[in-house]
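A short write-up of the structure that comes next.
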Amino acid sequence: MNYLDQLNPPQREGVVNTEGATMIIAGAGSGKTRVLTFRIAHLMRAHGVDPFSIMSLTFTNKAAKEMRERIEKEVGNEARNLWMGTFHAVFAKILRFECDKLGYPSNFTIYDADDTKSLIKTIVKEMQLDDKLYKPNAVYSRISNAKNSLVSWQEYINNPMYKADDEAANRPMLGEIYKRYVVRCFKAGAMDFDDLLFNTNVLFRDHPDVLHKYQHRFRYVLVDEFQDTNVSQYLIVKKLAAVHQNICVVGDDAQSIYAFRGANIQNILNFEKDFPDCRTIKLEQNYRSTSTIVNAANGVIAKNQGQIKKDVWTANAEGEKIDLISAASDGEEARLIAQGIFESKMQNQWHNQDFAVLYRTNAQSRSLEEALRRANLKYKIVGGLSFYQRREIKDLLAYFRIALNPNDEQAVVRSINLPKRGIGPGTVDKIRVFAAEQSVDLWTALQQCRMYLPGRAANAVDGYVTMIKAMQVDVQKYDAHEAAQKIAKASGLMRELFADKTVEGVSRYENVQELLNAVKEYVDNEENEDKSLDAFLQEVSLLTGVDQAQDDDPDVVTLMTIHMAKGLEFRHVFLTGLEEELFPSTMMMESREDLEEERRLFYVAITRAEQKLTMSYAMTRYRFGKLVNCEPSRFLEEVEPGLLNVAKKSKQVSFGNAAPGGSFDRPSGIGGGFATGTGASGASYAKNLVQRPVPSRKPVPAHKASADFTASNPADLAEGQKVEHAKFGFGNIVQLDRQGAAPKAKVNFDNVGEKTLLLSFAKLRIVE
DNA sequence: TTCAGCAAAGTTTTT
DNA sequence: CTTTGCTGAA
């Protein structure tokens, strides 16, 4: 068995000991994916285990796909039959079979974060609560935490501890919101992400026969990235493995970076309690990185108190020192990074794909993108706004959803007046009120609109209902692609987008075409047995940023958040924005645990690098359009100075008296670590650098527009064009900006002076 | 109901 | 800097 020869002793132990409970603590770059793939291959090849009885849970769909491909190489296409995917995807699949037992329709909708937030918003509004206090994000994170800890709304309301907490936070109605939210989702036949796990737990708890079935089906359960599982997830796998006890979890407590989502390192400790005979294996040899990088990472993570003892080491060469770039601004930082990539490419004969630029927040990608574009370096952004989160895509998906589940409230709200059908928010409210008062389905309320709506609105709603009914027929009759095309056409969305000849309009139309292509691809893919639109939608709603179809050109620089980079590796990593308040993030700085999670994030970032690491920070950065002063991150001080190579590129920056071994200049009272203890540390010394003058507002003289005034198509506008505005009179276009989501024109008006107008809002008529 | 125009608020990380 | 939400006019 030659594959066993490719492994070191602990790795081999992890592969061949397939029976019983196993916990593999795998240091960064120690080959845990390799162990996991070989373990599964070994099960199938050496023990003849049926792939249908192996469940392997990963963190992203992409990880699952890669692992499946690697296993396929070992065992052939039988690997297809493995149950492999994210927790959410795998249990959504199981729930589809079983959820009638919980009272859900089998084609239940999955609400994404947008749907969830907008539902919470409407509930808060309906309860007439202060939306400043009950912000959707805050409310949802509270609900989400409850669900991930398996606290139902009943338990939540009855638990005086939660009540006290909420009252202390001035949000006494949270329990009621939780209740209404759950009820509303249930009525809409919808589950949010947390429900997929919560309801799986409910299913297994209340239906022993179902649990029994799956317990016996899955003889082997494997969990990757175990450190990032929450209580809800852990209980599911614990129950599943209770019969055969063949459970293998792989993780690294040092890389736990999802506590904000309910991930619980405690699971690792619980595991040893729940499976007392468990075999614990440590993988400590790092094969990925130079010793410089491994040592730097070790030094950093050693500052954390709570961790499992581990000694990550490497036999790799020392490699280059870690470069540290200090830039005067975020713009300069980006420029120096582009330059750094260019030089590294030349010097090492590396390609674009060998580079990754990592940052803490998505907002940081803008300046980096700009610099890379200017340097002619091809790049891709992983995550951020995914294709399926674009407005036009979500609009069309909303129609798909209604055709399958006409009670999907969020989809109805989204689509009912799009394109404009004369059904405004007032009418929508009336429909909702009727549904609530008569306690009927939303779909029933829509069909009975004549009973409570005035003629004109009722006609409009009737038209909508008729259209949906036709779509429902299409979905039953055709495969996903044909149905999707018919729905896209019938909805009127295509016509509206096609008519829009602006740059953005054209690209939106193309995006919709792209979605239809994706449906086609889905239908043509032999691996997908179920060709219905329903199946396509289920798959799509669980896609993540990393899962997206890669562009045609693989040789590109990768830009992404550190979170997205987990599990990946690159020859040369640039870690940017190492500034107090940004990284570690102010929002995270409420406790020692918070700081330690940020430090683990730093650790993850460092250990992505194979050959070379470059870190950078800027002294000033734009935030909310304001220039803000920044201080170097405390994390920089935690990197052993001997491993650092401070670039001398920027003259504006001094390191104070930072002789080797010294520390960075920092205002007194801040100190290293978290001496001040409060979340406010650091906030005191970041102040606005530039006070921008408030533009004086001139009164706008009235202008009588000509009677036949009509707006020009914004696409026809050009710089230098003479135009007339309905309100401001005549002027010349000084500058056109079609870059952003909202294109703008700067116009110099004869009477009013320069004004910047959003093109979509501008009533500009071209003057010959 | 729709739309232009203006004011205010918002940016952690993700399934 | 962007996006969202409100308001008054048609």
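Numbered from 1 within each chain, the chains take letters A, B, ... in sequence-line order. Any value given below was found using the heavy atoms of this structure, including those in side chains, with hydrogens, waters and symmetry copies removed.
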* Asked: Within 45° of the axis and under 6.0 Å from the centre of the six-membered ring of Y388(A), does NZ or CZ of K394(A) qualify?
  -> no
* Once you round it to whole Å, what is the distance between C1' of dT14(B) and CE of M564(A)? -> 8 Å
* To do: Calculate, to the nearest 0.5 Å, the distance between atoms CZ and OG1 belonging to F91(A) and T200(A) respectively.
  => 6.0 Å
* Distance test, side-chain N/O of K135(A) to OP1/OP2 of dA9(B), below 4.0 Å -> no
* **Contact nearer the 5' end of DNA chain B, comparing G422(A) with F260(A)** => G422(A)
* Asked: Quick one: is T60(A) getting a side-chain N or O under 4.0 Å of the dT15(B) phosphate, OP1 or OP2?
  -> no
* **Aromatic plane relationship, F260(A) with H563(A) - under 30° parallel, 30 to 60° tilted, over 60° perpendicular** => perpendicular
* To do: Could you tell me whether the side chains of T109(A) and D408(A) share a donor-acceptor contact shorter than 3.5 Å?
  => yes
* Structure fact -> Whole-Å distance, N61(A) CG to dT14(B) P, equals 15 Å
* Measure centre to centre between the rings of F59(A) and F87(A), then say whether the value is under 6.0 Å. => no
* Asked: Using the rule for Phe, Tyr, His and the six-membered ring of Trp, do Y258(A) and dT14(B) stack at under 5.5 Å and under 30°?
  -> no
* To do: Could you check how far NZ of K132(A) sits from P of dT4(C), rounded to whole Å?
  => 17 Å
* Would you indicate what K121(A) reaches in the nucleic acid, counting non-hydrogen atoms under 4.0 angstrom: base, sugar-phosphate, or nothing? => sugar-phosphate
* In whole Å, what is the span from the CZ atom of F87(A) to the P atom of dT14(B)? -> 19 Å
* For atom CZ of R623(A) and atom C1' of dT2(C), their distance in whole Å -> 16 Å
* Side chains of E126(A) and Q128(A), donor plus acceptor under 3.5 Å -> no
* To do: Indicate whether OP1 or OP2 belonging to dC3(B) is found under 4.0 Å from a side-chain N or O atom of K420(A).
  => yes
* Structure fact -> Y622(A) atom OH is separated from dT11(B) atom P, nearest whole Å, by 22 Å
* Do any side-chain nitrogens or oxygens of T427(A) fall under 4.0 Å of OP1 or OP2 in dT1(B)? -> yes
* Structure fact -> Between CD1 of I416(A) and C1' of dT1(B) the distance, given in whole Å, is 14 Å
* Asked: For K430(A) and dT1(B), what is the distance between atoms NZ and P respectively, to the nearest whole Å?
  -> 7 Å
* To do: Identify whether any heavy atom of D194(A) sits under 4.0 Å from a base atom; if not, whether one sits that close to sugar-phosphate; answer base, sugar-phosphate or nothing.
  => nothing
* State which of dT13(B), dG5(C), dT15(B) makes the closest approach to the side chain of T86(A). => dT15(B)
* Within the pair N137(A) and dT12(B), is there a side-chain N or O less than 4.0 Å away from OP1 or OP2? -> no
* dT2(B) OP1/OP2 closer than 4.0 Å to side-chain N/O of N417(A) -> yes
* For R456(A) and for L601(A), locate the closest nucleotide of DNA chain B by heavy-atom distance; then report the residue assigned to the nucleotide nearer the 5' terminus. => R456(A)
* To do: Could you give the distance separating dT13(B) and dT4(C) at their C1' atoms, to the nearest angstrom?
  => 23 Å
